[in-house]
Visitor: 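Mind having a look at this structure? Questions to follow.
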Amino acid sequence: MNKRIYLCLAHMSGNEQKFIQEAFDTNWVVPLGPNVNGFEEDLRNFVGQNKQVVALSAGTAAIHLALIACGVQAGDEVICQSFTFCASANPVTYLGATPVFIDSEKDSWNMDPALLEQAILDRKAKTGKYPKAIIPVALYGMPYRIEDIMAIANKYGIPVIEDAAEGMGSRWKGQVLGTFGEYGVLSFNGNKMITTSGGGALICKDEAAKNKIMWYATQAREAYPYYQHEAIGFNYRLSNICAGIGRGQMMILDEHIAHHKHIAKRYKEAFATIEGITFHDAPSADYDSNFWLNTVLLDESLHIHGEENAYAEAVQGAVGGAAGVVHGGGSVHTDCEPNRNVEAIRMFLDKAGIESRPLWKPMHKQPVFKNAPAYLSGVSEAVFKRGLCLPSGPMVTDEDVDYIIASIRNAIK
């Protein structure tokens, strides 16, 4: 196979060009306009539950604004899921607040409700006040136990900000994620279920909440004939051009979700026949995952060709399709890393033209958060050491899946 198979790349439908061209033809090349309005309406219809939606420049911006709307300030604490990407916790620090990390429960790999309540009570005892918000994450698209989380949050009067950035179209008992809590976060990064090339959205409970978010997202301007500012605002609105891409993408969202689930089914069936590899499936029918990324666990006893060369030298650049700038020249090892067989199979697949990645490294093991409070069970660290993400996007074909499975079989000694 000559082509390279990437983890998760966007797929354009052809509809996007129409909306983009209309934006140029009408000179709406700004962070407002018909495409922004239309995209928000499409999203609102998709999530339902009589919610309102604000289109923003990134999912991270959505979390940031939701925290502000929930009253988070310097010195406060916010409960975050440890097993996630850093964008779930970073906005907490933008406000001078402290993330309090909660470990995972073993079935979904998401926030453990029992540890959540333990943390709430312990933080109250230690600081004299409850955390100001709770941010559960739909890891790799898998729903969190939102009913349990909401019951605990309501018990102590703490708002929930659902990070459904990876879980667009995932549902808990039929209801779309992001519609249970005070706010819900969506992402349209280039590797998500749909893309606007970069962007996000915040699901709000009503018109008043939407207007509050919109105000903060457009530099918090007061109603005067000149620029008057009485609060700090942000330039976080989505552009009309990017929203045009989003409108075209919404036409194929259901198709994308169906394809991801189809790929998951193929992986699940294949790995059921391979000893030492376990596919991470939905724990029950309540969890309707979009399977944004399909993940597997490798038994520690599983041996891979080239395992002796795993971690032989430090990585100097971005791995696979990773974007942006990374620091090079670091040490070969950290105090928490995937097992040697996980790194060996990643290297083996890379040479075969297949991108794969380790799972998210838990936030409580990140040096930048070393001083943050954490309530741990050991689940996320154990899963991180054994886990691998496999290509799952709309560009991955059945032929690609066959090739990936065959390559994994060939990698095993």
Side-chain angles (χ1 to χ4, degrees), residues 5-11 46-47 59 81 83-85 104-111 136-146 162-178 184-195 249-250 252-272 274 277-298 321 349 354-360 383-384 386-405 408:
I5 305 171
Y6 289 97
L7 208 61
C8 193
L9 285 179
H11 173 256
F46 181 78
V47 302
Q81 185 165 309
F83 203 11
T84 180
F85 182 53
S104 302
E105 46 92 7
K106 62 183 179 61
D107 293 329
S108 72
W109 300 353
N110 290 322
M111 184 178 286
V137 180
L139 191 74
Y140 304 120
M142 190 65 69
Y144 27 76
R145 286 168 49 186
I146 188 60
E162 296 180 67
D163 184 350
E166 299 174 6
M168 185 172 186
S170 296
R171 291 170 165 83
W172 175 264
K173 295 184 178 179
Q175 184 173 330
V176 174
L177 294 188
V185 174
L186 300 174
S187 172
F188 313 122
N189 194 22
N191 63 354
K192 294 301 191 294
M193 293 301 294
I194 62 168
T195 185
Q249 288 277 285
M250 286 299 292
I252 54 174
L253 173 57
D254 288 337
E255 177 185 320
H256 281 192
I257 294 171
H259 182 77
H260 279 251
K261 290 182 176 181
H262 168 72
I263 296 299
K265 185 173 183 291
R266 295 287 313 278
Y267 280 136
K268 177 182 177 181
E269 291 172 348
F271 289 121
I274 301 178
I277 299 182
T278 303
F279 177 75
H280 185 224
D281 198 9
S284 73
D286 292 339
Y287 299 78
D288 183 2
S289 175
N290 65 9
F291 289 101
W292 171 62
L293 281 184
N294 290 287
T295 58
V296 293
L297 295 179
L298 276 62
L349 293 176
I354 301 166
E355 182 189 10
S356 63
R357 298 267 189 92
L359 305 184
W360 300 127
V383 171
F384 166 67
R386 296 177 53 208
L388 191 72
C389 299
L390 298 176
S392 307
M395 302 297 288
V396 178
T397 66
D398 282 1
E399 180 184 17
D400 293 335
V401 173
D402 291 339
Y403 177 66
I404 293 164
I405 295 299
I408 290 173

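Bear in mind the structure is a predicted one, so any value in this text is a computation, not a measurement.
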Visitor: Tell me, please, which residues at least two apart from Thr397 pass side-chain hydrogen bond (donor to acceptor under 3.5 Å, both in side chains).
Guide: Asp400
Visitor: Who are the side-chain hydrogen bond (donor to acceptor under 3.5 Å, both in side chains) partners of Ser108, not counting sequence neighbours?
Guide: Glu105
Visitor: Before giving the answer on side-chain contact (heavy atoms from CB on, under 4.5 Å), spell out for Trp109 and Met142 the whole-Å C-alpha distance, their side-chain angles and the decisive distance to 0.1 Å.
Guide: CA-CA 8 Å; Trp109 300 353; Met142 190 65 69; over 6 Å; no
Visitor: With a 4.5 Å cut-off on side-chain heavy atoms, are Asp286 and Trp172 touching?
Guide: yes
Visitor: Mind checking the CD1-CD1 spacing from Ile405 to Ile277? Nearest 0.5 Å is all I need.
Guide: 8.0 Å
Visitor: For the side chain to side chain donor-acceptor pair (under 3.5 Å) test, which of Asn191, Asn290, Asn294 pairs with Ser392?
Guide: Asn294
Visitor: So, using salt bridge (Lys or Arg N to Asp or Glu O under 4.0 Å) as the criterion, who are the partners of Arg266 when residues are at least two apart?
Guide: Asp398, Asp402
Visitor: Between the side chain of His280 and the main-chain N/O of Asp107, is any donor-acceptor distance below 3.5 Å?
Guide: yes
Visitor: Anything under 30° is parallel, anything over 60° is perpendicular, the rest tilted; go ahead and classify Tyr267 against Phe271.
Guide: parallel
Visitor: Under 3.5 Å, is there a donor-acceptor pair between the side chain of His11 and the main chain of Met395?
Guide: no
Visitor: Run the ring pair (Phe, Tyr, Trp, His ring centres under 6.0 Å) test against Trp292 and tell me which residues pass, sequence neighbours left out.
Guide: none
Visitor: Got a sec, which residues hit side-chain hydrogen bond (donor to acceptor under 3.5 Å, both in side chains) with Lys268, two or more places apart in sequence or on another chain?
Guide: Asp281
Visitor: Would a 4.5 Å heavy-atom cut-off, applied to side chains only, mark Tyr144 and Leu177 as touching?
Guide: yes
Visitor: Determine whether Ile252 and His259 make a side-chain contact, defined as any pair of heavy atoms from C-beta on separated by less than 4.5 Å.
Guide: no
Visitor: Please tell me whether Trp360 and Gln81 have a donor and an acceptor in their side chains that are separated by less than 3.5 angstrom.
Guide: no
Visitor: Test of understanding: with side-chain hydrogen bond (donor to acceptor under 3.5 Å, both in side chains), list the residues that count as partners of Thr84, not counting sequence neighbours.
Guide: Ser88
Visitor: What verdict does the side-chain contact (heavy atoms from CB on, under 4.5 Å) test give for Leu388 and Leu349, after you've listed the backbone C-alpha separation in whole Å, the side-chain angles of each residue and the deciding distance to 0.1 Å?
Guide: CA-CA 11 Å; Leu388 191 72; Leu349 293 176; 4.3 Å; yes
Visitor: What distance separates Ser170 OG from Met193 CE, expressed to the nearest 0.5 Å?
Guide: 7.5 Å
Visitor: Which heavy-atom pair separates Tyr140 from Leu359 by the least distance, and what is that distance?
Guide: OH-CA, 3.1 Å
